There are 2 protein chains.
Amino acid sequence: MALEHAILVSLEERAGSGYELARRFDRSFGFFWAASHQQIYRTLKRMVARGWVTVTDVAQQGRPDKKVYRATDGGRGELARWLAEPTDPVTVRSEFAVKIRGASFGDPDVVIEEIARHRAHHAERLDVYRTIEKRDFPDPDDLRGQRLHQYLVLRGGIRAEQGQLDWCDELLAALTRDRDSADHEADDTHHHPEG
Amino acid sequence: MALEHAILVSLEERAGSGYELARRFDRSFGFFWAASHQQIYRTLKRMVARGWVTVTDVAQQGRPDKKVYRATDGGRGELARWLAEPTDPVTVRSEFAVKIRGASFGDPDVVIEEIARHRAHHAERLDVYRTIEKRDFPDPDDLRGQRLHQYLVLRGGIRAEQGQLDWCDELLAALTRDRDSADHEADDTHHHPEG
DNA sequence: CTATACATGTAACTAGTTACATGATTTA
DNA sequence: TAAATCATGTAACTAGTTACATGTATAG
């Protein structure tokens with residue numbers, strides 16, 4: 001399980017409440033590991049039981065009380081152990097790729113619309129990442145340690161989004177061409193490709 | 001849920017048994033949707049109950065009997081419905097990215113080894129995909145329909161693997177540089193960057 | 001005689017999603 | 001006064017993994 005380890009990394013970077021962690025998993029951390037607040041609260045409870053984190057009640061003015069979590073030596077040990085353990089290759093699951101593979105069994109125009117939607121999503125993501133890159137890491141060659149690692153993960157996100165975007169363009173070019181050539185055939189009574 | 005739809009696409013391409021489906025999910029189909037035989041048998045049972053597929057017992061000589069599954073009109077309808085329904089953007093989960101983000105909390109050399117392992121895996125995958133591309137799709141411009149869709153999904157795989165490979169190279173360059181500069185500092189008693 | 005391929009399953013567990021539940025404070 | 005932000009949870013469900021279970025036929 002990696003959610004525990006993702007939380008350990010996040011708490012090592014900075015201690016925080018379940019709510020704060022949930023917000024991090026909506027933003028920067030969520031760019032490579034998604035987690036809902038329900039999952040986070042449940043997992044934090046388990047991590048306290050295992051002694052990987054400690055919890056402290058913190059009263060606030062003008063806001064509800066919160067519980068601040070901090071990694072313990074046990075948690076740091078577990079994180080180091082996990083980092084040294086080889087990760088086995090990810091099991092890919094792309095619903096979008098299933099749709100492309102099955103495109104013949106649906107309406108071509110609707111599939112093309114879906115690709116355009118997918119493309120727009122990745123273009124937007126890429127834009128967000130590029131903005132963060134320029135704003136937060138103007139001099140990448142000077143980076144070291146944690147800041148460097150944050151930058152490198154962002155670089156991975158940029159590469160992934162750019163890759164998806166380029167693929168969408170390839171898909172749109174190929175599938176619109178395929179659709180249009182099928183249209184011409186339907187029009188053209190002189191031409192019988194099946195005969 | 002997309003496993004059901006992945007199975008429907010696969011059975012539309014060609015009817016087959018649970019075992020045969022499991023093999024497909026180990027090979028071509030598994031390049032973008034992973035599924036174990038346990039999951040497949042369980043899901044096929046559910047799909048029969050929903051009327052999306054029918055099952056026929058087939059006796060074989062020299063081999064155990066098998067159950068061949070075929071998509072029904074109901075299954076085809078469900079597939080078309082699902083293809084027309086917008087897919088919401090994938091929730092990314094990259095254990096590898098978590099490890100990069102948390103690299104400061106482990107041994108730098110071990111993290112570099114992990115990246116090298118990851119790189120080797122993607123290089124191998126890319127090689128497999130490139131081989132299939134050359135062997136099965138020598139003239140991509142002539143492709144239409146199902147064959148075109150198969151090719152395009154393969155293209156997505158090639159792009160994704162190439163992207164991961166390039167990222168690994170960027171990671172290795174940056175992290176070996178960071179490690180080596182830290183080593184020099186430790187050696188160099190004249191230089192105190194923290195003072 | 002041993003390993004691999006063919007063939008189909010069940011049971012228990014772990015991880016993740018969706019729906020429900022509560023309540024304070026601040027901003028529009 | 002309505003919506004958004006802060007803050008923490010439970011319950012039920014769906015999906016996926018790991019372990020267990022059985023048996024035949026063929027190739028080395």
Side-chain angles (χ1 to χ4, degrees), chain A residues 1-8 11 15-27 29-30 32-50 53 55-69 82 87-95 98, chain B residues 1-8 15-27 29-30 32-50 52-53 55-69 82 87-95 98:
Chain A
M1 226 279 273
L3 175 57
E4 282 148 342
H5 302 102
I7 289 175
L8 282 171
L11 291 180
S17 68
Y19 185 84
E20 281 159 1
L21 282 167
R23 293 215 62 207
R24 292 179 204 172
F25 280 92
D26 273 346
R27 297 166 168 272
F29 229 91
F32 54 94
W33 197 276
S36 62
H37 79 271
Q38 293 91 333
Q39 241 185 310
I40 290 166
Y41 285 124
R42 197 209 283 147
T43 303
L44 281 169
K45 194 168 281 187
R46 202 195 308 153
M47 291 170 77
V48 171
R50 287 182 189 169
V53 296
V55 57
T56 321
D57 279 290
V58 175
Q60 300 185 108
Q61 63 258 64
R63 287 181 182 185
D65 297 354
K66 64 177 178 179
K67 297 180 180 178
V68 173
Y69 293 87
W82 178 76
T87 300
D88 40 33
V90 280
T91 50
V92 190
R93 279 197 185 92
S94 167
E95 210 160 306
V98 175
Chain B
M1 225 282 271
L3 175 56
E4 281 147 341
H5 303 101
I7 289 175
L8 283 171
S17 67
Y19 185 85
E20 281 158 1
L21 283 167
R23 294 215 60 207
R24 291 180 206 172
F25 279 93
D26 273 345
R27 298 167 165 271
F29 229 91
F32 53 94
W33 197 276
S36 63
H37 79 270
Q38 292 92 332
Q39 239 185 310
I40 290 166
Y41 286 123
R42 197 209 282 146
T43 304
L44 281 170
K45 195 168 281 187
R46 203 195 307 154
M47 291 171 79
V48 170
R50 288 181 189 170
W52 293 354
V53 296
V55 58
T56 322
D57 281 289
V58 175
Q60 299 185 110
Q61 63 260 65
R63 285 180 185 187
D65 297 354
K66 65 177 178 180
K67 297 182 180 176
V68 173
Y69 293 86
W82 177 76
T87 300
D88 40 31
V90 280
T91 50
V92 190
R93 279 195 186 92
S94 166
E95 210 161 305
V98 175

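This structure is a prediction, so every number in the text was calculated from the model and none was measured. We name chains A, B, ... by the order of the sequence lines, and we start the count at 1 in each one.
- Taking atom CG of residue B:D65 and atom P of nucleotide C:dT8, one finds them 9 Å apart after rounding to whole Å.
- Counting to the nearest Å, the C1' atom of D:dT10 and the CG atom of A:L44 are 16 Å from each other.
- Between B:F29 and B:L21, the closest side-chain pair of non-hydrogen atoms is not below 4.5 Å.
- Along DNA chain D, the nucleotide nearest to A:Q60 and the one nearest to A:K45 differ in position, and the one closer to the 5' end is contacted by A:Q60.
- Closest approach of A:A6 and B:V98 over heavy atoms only: CA-CG1, 3.8 Å.
- The nearest pair of heavy atoms linking B:A22 to B:H37 is CB-CB, 3.9 Å.
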- Task: Give the B/S/- string for nucleotides 11-17 of chain D, one per nucleotide from 5' to 3', where a protein heavy atom under 4.0 Å of the base yields B, of only the sugar-phosphate yields S, and otherwise -.
- Result: -B--SBB

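- A:R23 places its CZ atom 16 Å from the C1' atom of D:dT8, with the value rounded to the nearest Å.
- Between B:K67 atom NZ and B:K45 atom NZ the span is 7.0 Å, to the nearest 0.5 Å.
- If you measure from atom CD1 of B:I40 to atom P of C:dT10, you get 15 Å, rounded to the nearest angstrom.
- Between D:dT24, D:dA7, C:dT8, one nucleotide has an atom nearer to the side chain of A:K66 than all others, and that is D:dA7.
- With sequence neighbours excluded, no residue forms a side chain to side chain donor-acceptor pair (under 3.5 Å) with A:R63.
- Spacing between atom CD of B:Q61 and atom P of D:dT24 amounts to 18 Å, rounded to whole angstrom units.
- Nearest to the side-chain atoms of B:H37 among the listed nucleotides C:dG9, C:dC6, D:dT8 stands C:dG9.
- Ring geometry for B:W52 versus B:H5: interplanar angle of 30 to 60°, hence tilted.
- Taking side-chain N and O atoms only, B:Y19 has no distance below 4.0 Å to OP1 or OP2 of C:dT8.
- The side chain of A:Y41 approaches D:dT8 more closely than any other nucleotide in the set C:dG9, D:dT8, C:dC6.
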